[in-house]
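Each remark here refers to the structure printed beneath this line.
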Protein chains: 2
Amino acid sequence: MGATSRVTLADVARAAGVDVSLVSRVLRGHDVKVLDETRQRIVDQARELGYRPNAIARSLRSSKAGAFGLVIPNFSNPVYAQIIAGAESAAARNGSVMMTTSGEGWDRAEWYAALDSGRVDGLLVAGGSPVELRNLRVPYLLVNRSEPGIDRFVVLDDEKAAGEAVRHLLELGHRDLAFVGGPEDADTARRRWAGFEAAVAAQPGATAVQLPGDYTAAGGRAAVADAVRRGLRVTGVVAGNLPSGIGVLEGLRDVGVPVPHEASVVAIHDAEIAEYVLPRLTTVRMPLRELGARGIELLTTLAPDEPVAEVVADPIGLVLRDSTGPVA
Amino acid sequence: MGATSRVTLADVARAAGVDVSLVSRVLRGHDVKVLDETRQRIVDQARELGYRPNAIARSLRSSKAGAFGLVIPNFSNPVYAQIIAGAESAAARNGSVMMTTSGEGWDRAEWYAALDSGRVDGLLVAGGSPVELRNLRVPYLLVNRSEPGIDRFVVLDDEKAAGEAVRHLLELGHRDLAFVGGPEDADTARRRWAGFEAAVAAQPGATAVQLPGDYTAAGGRAAVADAVRRGLRVTGVVAGNLPSGIGVLEGLRDVGVPVPHEASVVAIHDAEIAEYVLPRLTTVRMPLRELGARGIELLTTLAPDEPVAEVVADPIGLVLRDSTGPVA
DNA sequence: CTGAAAGCGCTTACAG
DNA sequence: CTGAAAGCGCTTACAG
């Protein structure tokens, strides 16, 4: 482990017989004009001693953390995994590490204070309470959500995605369509409903109804099962997200409606789990990686208080599996 | 955003008409004996100015990062979500933030250097190449794996878990048992096989066979399907992990063996996805949260180079669902 | 009870 | 081409 007293710039300088400032310049690979021999001595000694720059000291001096934070509500949603992957790649290109956290076990306020303390150059916020954001010093950006009164966010083109789902169902001949929504405070669900409704309205004779959901499998299951039991006529269902879609599959089974023979189901968002359910779930793939990457790019290029309201629209596309088919 | 020039201790000190050192002591809530009136003035001014301590400066001064890192191979495996959750809670209790990262997009060596630079007080390593670990300055601990030549790790009681799975199948009357293994380099798979074999051996007349897997659904599917096609007689299958188990379900369907009527399947590890497949998958729940939490505890209590080889054994337990039943 | 000083490990003008 | 100085924002002995 060799956690024995870290080697500092001063150690290298002493060993090489030069000043620390010269070591710093040489090792950082700056504009330095040094004798080849001196440079060699410095580089050799640095390697010999196993010198590693101290990021903390560098940060303090330069007021640059070399790190970005990503706040998510929890790690068990595959949607976040994709956002994280995109953000990590973009951060790497920037030479910054990505540090993702969900603040489980912390008091919200304390936790935000701990994050907002110079440790990161910017914060991507994909979850957590928006109230605390206002007081943040560090530049932040909402990803995959917008919030009234917050003028910095990147979202996906939820309307387009819902529209794709509807058009797929319409092409298969479905006319009685239902949308399983999300929780009250999810702006994504509102936009998806808007896209759903608009796409249905474009088809004469087609009807749109919204079923109350909460973005969970249990919610989706109950929503469709209840609706069918109450006599709702529906052959095409668009689920607001993946868990809902899986729930819808179960709900339809509960009430004896075979999928895709008597009803088709499409969910917004794609992830591996869609392959594992039965029938394999048709989805609309969303550019989540691209969203995460774009978030980091904006954080690195925008002024800290520059407003931004961006929509990442591509690539969005239907992933055809077994839960959709022609109308019976 | 107010990203305008951060407020420092010096600003508060000036406003309160005292020295920075006093402000530091008061705000840190140390042993300080101060006039109530002075303390009040300091506290008021700090709030008034919106002072937030700079974690970087504090770190540099105290050589304590107040953060722990967790390295995982990727975020899309639900097993890691549970480890992360446990680690975050434990870190919070310690007043430290947890920063999780997978290094996607980085060159391994560069990335380890970026992590090993004073940013964290310790590193929990649940993935990534072990070779780089040797050169690390920061104290680290392997979680959920062991590695030859590395004497710091916490693992789960994989043998016990496999044993539980086997005993469940034996109780149901199954005697021809198969284990779907993991990749060559997964020590967890070796331990699970050992536990499987020992438990089967304890039952006279029972037979154990190992099928080659790779911890993926595709691997599990191919393994059982091939085995059955080749004429292997098996009614009880233990899958080395969750994806394998889901694959086994599909493989059995491929070759027309109904589950649980003609074969039972149990997977090691439990997560929400087990509820979503058909039939719902019986699993052995592993203490992953506890593992993550224990990792952080050890990192905070152990000397940096103190060896540790710990097994987190509880709670391990069967989660009975629909993929197991009495022998036909 | 409070202040002045030193120093954590760097980087960046500024001299020479 | 190289060195000496200042300073990033803190904390912690040490004085008084």
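Note on naming: letters A, B, ... go to the chains in the order of the sequence lines (proteins, then strands), and numbering restarts at 1 for each one.
Distances shown here put every side-chain N or O of B:Ser24 at or beyond 4.0 Å from the OP1 or OP2 atom of D:dC10. Between A:Arg25 and C:dT11 there is no side-chain N or O to OP1 or OP2 distance below 4.0 Å. Taking side-chain N and O atoms only, B:Arg6 has no distance below 4.0 Å to OP1 or OP2 of D:dG9. The phosphate of C:dT2 (OP1 or OP2) has a side-chain N or O of B:Thr38 nearer than 4.0 angstrom.
In this structure, the CD atom of B:Glu37 is 13 Å from the P atom of C:dC1, given to the nearest Å. What separates CG of A:Asp19 from P of C:dA15 is a distance of 17 Å, to the nearest Å. Remark: P of D:dC10 and CZ of A:Arg119 are 13 Å apart, rounded to the nearest angstrom. As rounded to whole Å, 19 Å separates atom P of D:dC14 from atom NZ of B:Lys33. Look at CG on A:Asp11: it is 13 Å from C1' on C:dC10, rounded to the nearest Å. Between B:Leu27 atom CG and D:dG9 atom P there is a gap of 16 Å when expressed in whole angstrom units. Distance, A:Lys64 NZ to D:dG7 P: 24 Å, rounded to whole Å. At whole-Å resolution of the value, CZ in B:Arg14 and P in C:dG3 are 14 Å apart.
Between B:Pro315 and B:Pro287, the closest side-chain pair of non-hydrogen atoms falls below 4.5 Å. Side chains of B:Thr300 and B:Phe68 form a contact here, defined as non-hydrogen atoms less than 4.5 Å apart. Within the 4.5 Å cutoff, side-chain heavy atoms of A:Arg52 are placed close to those of A:Arg6. At least one side-chain heavy atom of B:Val312 sits less than 4.5 Å from a side-chain heavy atom of B:Val154.
There is no side-chain donor-acceptor pair under 3.5 Å between A:Asn74 and A:Ser102. Side-chain contact of A:Thr188 with A:Tyr215: a donor-acceptor pair under 3.5 Å is present, judged by distance alone. For the residue pair B:Arg25 and B:Ser21, a side-chain donor N or O sits within less than 3.5 Å of a side-chain acceptor on the partner.
Using a 4.0 Å cut-off between charged nitrogen and carboxylate oxygen, B:Arg108 and B:Glu110 do not count as a salt-bridge pair. Classification of B:Glu37 and B:Arg39 as a salt-bridged pair fails, no side-chain N sitting under 4.0 Å from a carboxylate O.
Listed nucleotides: C:dC10, D:dT12, D:dA4. Nearest to the side chain of A:Leu9: C:dC10. Listed nucleotides C:dA4, C:dT11, D:dC10 differ in distance to B:Tyr51; the shortest reach to its side chain belongs to D:dC10. In the set D:dG9, C:dC10, D:dT12, D:dT12 carries the atom at the smallest distance from any side-chain atom of B:Ser21.
Here the side chain of A:Thr38 pairs no donor or acceptor atom with the backbone of A:Val34 at under 3.5 angstrom.
Backbone-only contact: A:Leu35 has heavy atoms under 4.0 Å from sugar-phosphate atoms and none from a base.
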Would you sketch DNA chain C in dot-bracket for me? Only Watson-Crick or G-U wobble pairs with both distances under 3.5 Å count, crossing pairs as [ ], other-strand pairs as |, the rest as dots. |||.||||||||.|||
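For a distance-only test at 3.5 Å, the side chain of B:Arg52 fails to qualify as a donor-acceptor partner of the base of D:dG9.
Heavy-atom distances under 4.0 Å link DNA chain C to B:Leu60, B:Arg61 of residues 55-63 of chain B, given in residue order.
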